Amino acid sequence: MNSDLGEVFERLSRSSFRRRFRLRAAEREYLERKGLETVMSHGEKFIDERLAPANPPNDGKQTPMRNHPIFVAQHGTATCCRGCLEKWHSIPRGHALTCEEKAYIFSVLRRWLSSQRGD
Ligand SMILES: [Zn+2]
């Protein structure tokens, strides 16, 4: 796990695939209406259900591309599946995510969502 978020975001910004993910108007409006804390609480649930198990069902395809700000944030930050978590964030596959790993993912998502507001 790489806890230097500045370095992680710098690498993400060099990926044309990751950079392509931005909140669309409806997703941004949802974020503004619900607020970051509520959206993050949805994120905790998504991560627990879809990403945290040692072998998540349908891994690699479990995160929709749109319609919730968290899903877009997950693709934008390569926290969408266990393969991307391993490749981009050095969080190995095959074990249930620890509290520290989940906290790290939440801080990545929070930073990405904050960067999408008001631009
Ligand atoms: Zn992925």
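We count ligands from 1, going down the list as the structure has it; atoms in each ligand are counted the same way. Atom set for the values below is all heavy atoms of this structure, side chains included, hydrogens, waters and symmetry mates excluded. If you're wondering where the values come from, they're calculated on a predicted model, not measured in any experiment.
A salt bridge does not link Glu29 with Lys34: every distance from a Lys NZ or Arg NE/NH1/NH2 to an Asp or Glu carboxylate oxygen is 4.0 Å or more. Using a cutoff of 4.0 Å between basic side-chain nitrogens and carboxylate oxygens, Glu32 and Arg28 are not scored as salt-bridged.
Separation of atoms CD (Glu27) and CZ (Phe71) is listed at 10.5 Å; rounding is to 0.5 Å.
Counting only distances under 2.8 Å, and ignoring water, the protein N, O or S atoms around the Zn ion (ligand 1) are Cys80 SG, Cys81 SG, Cys84 SG.
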For residues 46-57, tabulate all N or O donor-acceptor pairs below 3.5 Å that involve a side-chain atom, not counting sequence neighbours.
{"unit_1": "Asp48", "atom_1": "OD1", "unit_2": "Lys102", "atom_2": "NZ", "d": "2.8"}
{"unit_1": "Glu49", "atom_1": "OE2", "unit_2": "Lys45", "atom_2": "NZ", "d": "3.3"}
{"unit_1": "Arg50", "atom_1": "NH1", "unit_2": "Gln62", "atom_2": "O", "d": "2.7"}

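Using modelled atom types, one side-chain atom of Gln116 and one backbone atom of Leu23 make a donor-acceptor pair closer than 3.5 Å. In this structure, the side chain of Arg82 engages the main chain of His95 through a donor-acceptor pair within 3.5 Å.
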